[in-house]
**Q** 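One structure follows; several queries about it will come next.
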Amino acid sequence: MSDSKTFKPAPARRARGVQTAGPQAQRNLLRAASELFYREGVRCVGVDAVVERAGVNKMSLYRQFSSKDELLMAYLEQKDEQFFAYVKKSFAKHPGEPAKQLQQYFDDLAVRASVDGYRGCPFVNVSVEFADIGHPARQFVFRNKARLMAHLLELSTAAGADDPAALADALGLLIEGVYAASQTYGPGCGPILAAPKVAGQLIAAACGAGPVR
């Protein structure tokens, strides 16, 4: 892979940080990668910066990840778990009420995307950085988005939408718009704050009902 950097052990005298036990080293490295990759971008962050932020030496890193790509994939796996935990928590606020679950997701997304320092969707960010659609990172992004769309379609169907696929597609587009607006207009901007209302209008129109709030 063009972005891969195979880690080659440096002489012991150049090692920095602490040689940390496997499980703790992995947690430290993933935490550091998550912070740096999300805030600064994958391509802009070198492995030395990750090691320094993690507080481990390179030997600890070599034992956990063989390449930058491998670290990137572990980062995406972690973000995927966190994202769908967030989705599940949002939907759980209205059990058995699919239209309200869809609405709640946008209410929560608007709050999340209004926090200072918000850097948008980590999967969108990675997709922009890797032009090759065959790269494992891009393929991971496709799977993440497909899984979200499946949830939207399931709820749109359960909510009685006249065209569930069309509603799911419209809501999916609106979600991506929130992510983009957070970076082009800024967190908490007008377009983000308008998203929950627009989502409500889409849901109501598709389901032949009044506002779902």
Side-chain angles (χ1 to χ4, degrees), residues 38 42 73 75-115 118-213:
Y38 183 66
V42 177
M73 297 307 293
Y75 160 73
L76 290 174
E77 288 280 1
Q78 183 184 67
K79 287 298 183 184
D80 187 72
E81 291 179 4
Q82 292 172 350
F83 174 72
F84 282 105
Y86 162 76
V87 171
K88 182 178 180 180
K89 181 179 179 180
S90 185
F91 290 165
K93 294 177 181 179
H94 300 285
E97 299 182 89
K100 288 187 176 182
Q101 288 176 318
L102 289 170
Q103 180 65 62
Q104 187 65 53
Y105 183 82
F106 282 90
D107 292 346
D108 291 343
L109 177 60
V111 172
R112 184 182 179 87
S114 297
V115 175
Y118 182 69
R119 284 283 291 128
C121 173
F123 305 102
V124 172
N125 296 346
V126 166
S127 184
V128 170
E129 289 197 79
F130 292 85
D132 179 8
I133 62 173
H135 191 286
R138 287 293 301 276
Q139 292 298 312
F140 193 102
V141 171
F142 291 144
R143 291 193 297 273
N144 170 272
K145 296 298 180 178
R147 186 178 170 191
L148 175 59
M149 289 303 300
H151 281 299
L152 296 177
L153 178 58
E154 180 182 5
L155 290 179
S156 295
T157 301
D162 53 3
D163 188 341
L167 176 58
D169 286 341
L171 296 178
L173 178 62
L174 186 56
I175 289 169
E176 297 301 313
V178 171
Y179 293 147
S182 72
Q183 302 308 297
T184 53
Y185 294 98
C189 63
I192 289 176
L193 299 180
K197 182 177 181 180
V198 174
Q201 292 170 340
L202 290 170
I203 295 166
C207 299
V212 297
R213 294 181 181 281

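Hydrogens, waters and symmetry mates are skipped; everything else that's a heavy atom, side chains included, is used.
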**Q** Look only at the side chain of Gln103 and the backbone of Ala199, and say whether a donor-acceptor pair between them is shorter than 3.5 Å.
**A**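 No; judged by distance alone, with no hydrogens or angles, the pair does not exist.
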
**Q** Would you indicate whether the side-chain heavy atoms of Tyr86 and Asp108 approach each other to under 4.5 Å?
**A**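 The answer is yes, as the side chains (C-beta and beyond) meet within the 4.5 Å cut-off.
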
**Q** Let me confirm one number: the CD-CE distance from Glu77 to Met73, rounded to the nearest 0.5 Å.
**A**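 Spacing of CD (Glu77) from CE (Met73) equals 6.5 Å.
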
**Q** Ignoring hydrogens and geometry, is there a side-chain-to-backbone donor-acceptor pair from Gln101 to Lys93 under 3.5 Å?
**A**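 Looks like no, no N/O pair under 3.5 Å.
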
**Q** May I have all residue pairs that pass ring pair (Phe, Tyr, Trp, His ring centres under 6.0 Å) and include part of residues 162-194, sequence neighbours excluded?
**A**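 Listed once each, the pairs would be none.
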
**Q** Begin with the C-alpha distance, continue with both residues' side-chain angles, and end with the deciding distance and a verdict on side-chain contact (heavy atoms from CB on, under 4.5 Å) for Leu171 and Leu155.
**A** CA-CA 11 Å; Leu171 296 178; Leu155 290 179; over 6 Å; no

**Q** With rounding to the nearest 0.5 Å, note down the distance linking CG in Asp107 to NZ in Lys100.
**A**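 These two atoms lie 11.5 Å from each other.
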
**Q** Would you call Leu148 and Ile175 a side-chain contact if the rule is heavy atoms closer than 4.5 Å?
**A**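 Leu148 vs Ile175: side chains touch.
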
**Q** Mind listing the closest non-hydrogen atom pair of Cys207 and Ala159 along with its distance?
**A**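 Between these two residues, the closest heavy atoms are SG-O, 3.6 Å.
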
**Q** Could you tell me the separation between the CG atom of Asp163 and the OG atom of Ser156, rounded to the nearest 0.5 Å?
**A**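 Between Asp163 CG and Ser156 OG, I get 9.5 Å after rounding to 0.5 Å.
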
**Q** Checking Glu154 now: which residues fulfil side chain to side chain contact (heavy atoms under 4.5 Å, CB included) with it, not counting sequence neighbours?
**A**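 By the side chain to side chain contact (heavy atoms under 4.5 Å, CB included) rule, Glu154 matches His151.
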
**Q** May I ask you to test the Asp80-Arg147 pair for a side-chain heavy-atom distance under 4.5 Å?
**A**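 They are in side-chain contact.
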
**Q** Any chance you could measure Phe83, atom CZ, to Asn144, atom CG, to the nearest 0.5 Å?
**A**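 So the CZ of Phe83 and the CG of Asn144 are separated by 6.0 Å.
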
**Q** Closest heavy-atom contact between Ala181 and Cys189?
**A**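 Reported closest heavy-atom pair: O-SG, 3.8 Å.
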
**Q** Considering residues at least two apart in sequence or located in another chain, which fulfil the side chain to side chain contact (heavy atoms under 4.5 Å, CB included) criterion with Ala158?
**A**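 Per chain and number, Ala158 pairs via side chain to side chain contact (heavy atoms under 4.5 Å, CB included) with Pro98.
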
**Q** Under 3.5 Å, sequence neighbours excluded: what are the donor-acceptor pairs made by side chains of residues 118-129?
**A**
{"from": "Arg119", "atom 1": "NE", "to": "Arg39", "atom 2": "O", "distance (Å)": "3.3"}
{"from": "Arg119", "atom 1": "NH1", "to": "Gln183", "atom 2": "OE1", "distance (Å)": "2.7"}
{"from": "Asn125", "atom 1": "ND2", "to": "Arg119", "atom 2": "O", "distance (Å)": "3.0"}
{"from": "Asn125", "atom 1": "ND2", "to": "Cys121", "atom 2": "O", "distance (Å)": "3.4"}
{"from": "Ser127", "atom 1": "OG", "to": "Arg138", "atom 2": "NE", "distance (Å)": "3.0"}
{"from": "Glu129", "atom 1": "OE1", "to": "Val42", "atom 2": "N", "distance (Å)": "3.2"}
{"from": "Glu129", "atom 1": "OE1", "to": "Arg43", "atom 2": "N", "distance (Å)": "2.9"}
{"from": "Glu129", "atom 1": "OE2", "to": "Val42", "atom 2": "N", "distance (Å)": "2.7"}

**Q** Under the side chain to side chain contact (heavy atoms under 4.5 Å, CB included) test, which residues partner Leu173, sequence neighbours left out?
**A**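 Side chain to side chain contact (heavy atoms under 4.5 Å, CB included) list for Leu173, sorted by chain: empty.
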
**Q** Taking all heavy atoms of Leu193 and all of Gly188, pick out the closest pair and write down the distance.
**A**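 That would be CD1-O, 3.7 Å.
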
**Q** Please name the pair of heavy atoms, one in Ile192 and one in Ser114, separated by the smallest distance, quoted to 0.1 Å.
**A**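 Of all heavy-atom pairs spanning Ile192 and Ser114, the closest is CG2-OG, 3.9 Å.
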
**Q** For Val178 and Ala113, work out which heavy atoms get closest and say how close.
**A**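 In terms of heavy atoms, the two residues are closest at CG1-CB, 3.8 Å.
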
**Q** For Lys89, give me all partners under salt bridge (Lys or Arg N to Asp or Glu O under 4.0 Å), at least two apart in sequence or on another chain.
**A**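 In terms of salt bridge (Lys or Arg N to Asp or Glu O under 4.0 Å), with neighbours along the sequence ignored, Lys89 is linked to no residue.
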
**Q** Using every non-hydrogen atom in the two residues, find where Val87 and Tyr105 come nearest and quote the distance to one decimal.
**A**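 In this case the closest contact between Val87 and Tyr105 is CG2-CE1, 3.7 Å.
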
